[in-house]
Amino acid sequence: MWKDCLKCDRVWVFVGGMAAAIIGKKVIQSKKTREICVKTVAQAMKLQKDAQTAFANVKEEAEDICFDAKKQAEDACDCEQ
């Protein structure tokens, strides 16, 4: 009977799933994994802050360019009259 079970693919898939769950739990709970996750999240937060800063700078520059263009257009209209 056990020999028949060992030949069945489903049994090996089940055993493999159990082993993966046990090993995965140990890996997730390890101190090294936590350190890696914390570093990764910190880097992601830094990248997000840098991206927001860069976006704000681009937005300010675009507003300045728009303001200058409007002023030049107004000056050009005033000169023609």
Side-chain angles (χ1 to χ4, degrees):
M1 180 174 156
W2 284 103
K3 288 185 179 184
D4 292 334
C5 287
L6 294 177
K7 291 180 183 177
C8 183
D9 289 341
R10 291 182 182 182
V11 171
W12 288 111
V13 170
F14 177 77
V15 170
M18 292 295 292
I22 292 169
I23 292 170
K25 182 179 177 187
K26 295 290 182 184
V27 169
I28 288 173
Q29 291 178 341
S30 75
K31 188 175 182 178
K32 187 67 174 176
T33 302
R34 183 183 184 286
E35 290 173 4
I36 291 171
C37 289
V38 168
K39 286 180 183 179
T40 302
V41 170
Q43 288 175 347
M45 290 172 71
K46 183 182 181 306
L47 284 173
Q48 180 186 12
K49 185 177 179 182
D50 292 346
Q52 287 175 340
T53 302
F55 178 74
N57 291 341
V58 168
K59 184 178 176 184
E60 288 175 7
E61 289 178 22
E63 288 172 350
D64 290 344
I65 291 170
C66 184
F67 179 78
D68 291 342
K70 284 181 182 179
K71 185 149 177 105
Q72 285 179 353
E74 288 174 1
D75 291 344
C77 288
D78 290 340
C79 291
E80 292 175 4
Q81 293 178 356

Rounded to the nearest 0.5 Å, what separates atom [atom1] in [X] from atom [atom2] in [Y]?
X	Y	atom1	atom2	answer
Glu35	Ser30	CD	OG	8.5 Å
Gln43	Thr40	CD	OG1	6.0 Å
Glu63	Lys59	CD	NZ	5.5 Å
Thr53	Gln48	OG1	CD	10.0 Å
Glu60	Phe55	CD	CZ	11.0 Å
Ile28	Ile23	CD1	CD1	12.0 Å

Item checked: Flag, side chain of Thr33 to backbone of Val27, donor-acceptor distance under 3.5 Å ->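 Here the side-chain-to-backbone pair exists.
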Note to self: Under 4.0 Å between a side-chain nitrogen and a carboxylate oxygen: does that hold for Lys46 and Asp50?
What the structure shows: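 Yes, charged N to carboxylate O under 4.0 Å.
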